[in-house]
Amino acid sequence: MLGTSPEKKCQQFEQGGGYAEYAVAGSDALCHMPSKISYTEAAAVPLAALTAYQALITQGNVIPGQRILINGASGGVGIYAVQIAKVFQAEVIAVAS
């Protein structure tokens, strides 16, 4: 929780997670959780988004104008991969079923 109020739910965006019931994190590694989504949904967003980011940017070194094929573009990771690739000005070819 960020602060002491129960409505101030938050999510930590950090590598190297764990299974602890409590954790310590700096405020710069946290963001507020929208009130209209569940804890399960809030946990899924950073997992899928960071997986896509790491694949495209950290490992893939995407550059502007590069053609990217995203297989499974309608899935959890794929929807973020398309958006991230577009932000980095890549040409996206998406495959979905």
Side-chain angles (χ1 to χ4, degrees):
M1 298 283 204
L2 190 58
T4 56
S5 176
E7 64 271 0
K8 299 257 182 164
K9 302 173 202 163
C10 65
Q11 172 67 46
Q12 179 180 356
F13 290 94
E14 189 68 34
Q15 287 185 330
Y19 295 102
E21 188 172 334
Y22 297 99
V24 176
S27 61
D28 61 333
L30 301 172
C31 71
H32 287 283
M33 184 179 111
S35 60
K36 295 183 179 187
I37 65 173
S38 70
Y39 283 98
T40 302
E41 292 166 327
V45 169
L47 177 64
L50 286 174
T51 300
Y53 183 86
Q54 289 171 343
L56 291 171
I57 308 307
T58 307
Q59 299 295 317
N61 301 313
V62 171
I63 58 173
Q66 183 177 10
R67 261 189 210 147
I68 305 290
L69 172 67
I70 299 175
N71 195 11
S74 62
V77 175
I79 60 173
Y80 290 104
V82 169
Q83 295 174 64
I84 291 167
K86 294 301 282 182
V87 165
F88 281 85
Q89 300 175 351
E91 182 182 337
V92 175
I93 301 165
V95 179
S97 62

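Source: prediction; values computed, not measured.
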Point to revise | side-chain hydrogen bond (donor to acceptor under 3.5 Å, both in side chains) partners of Q83, counting only residues at least two apart | key: none
Exercise for review: Determine whether Y53 and L47 fall in the same hydrophobic cluster, where Ile, Leu, Val, Met, Phe, Trp and Tyr are linked whenever their side-chain heavy atoms lie under 4.5 Å apart.
Suggested key: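 Not linked; separate clusters.
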Give me the atom names and distance for the closest heavy-atom approach of [X] to [Y].
X	Y	value
A43	P46	O-CD, 3.5 Å
I84	A49	CD1-O, 3.8 Å
A85	V92	CB-CG2, 3.6 Å
M33	A42	SD-CB, 3.4 Å

Report all side-chain donor-acceptor pairs from residues 68-82 shorter than 3.5 Å, counting only partners two or more places apart or in another chain.
none

Practice item. Output the distance between atom CD (E41) and atom NZ (K36), rounded to the nearest 0.5 Å. Key: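 Spacing of CD (E41) from NZ (K36) equals 13.0 Å.
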Review point. Do the side chains of F88 and L56 get nearer than 4.5 Å, heavy atoms only?
Key: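 Answer no - side chains too far apart.
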Check your understanding: Can you pull the side-chain hydrogen bond (donor to acceptor under 3.5 Å, both in side chains) pairs that have at least one residue in residues 87-97, sequence neighbours excluded?
Key ->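 Applying side-chain hydrogen bond (donor to acceptor under 3.5 Å, both in side chains) to every pair that reaches into residues 87-97, excluding sequence neighbours, yields R67-E91.
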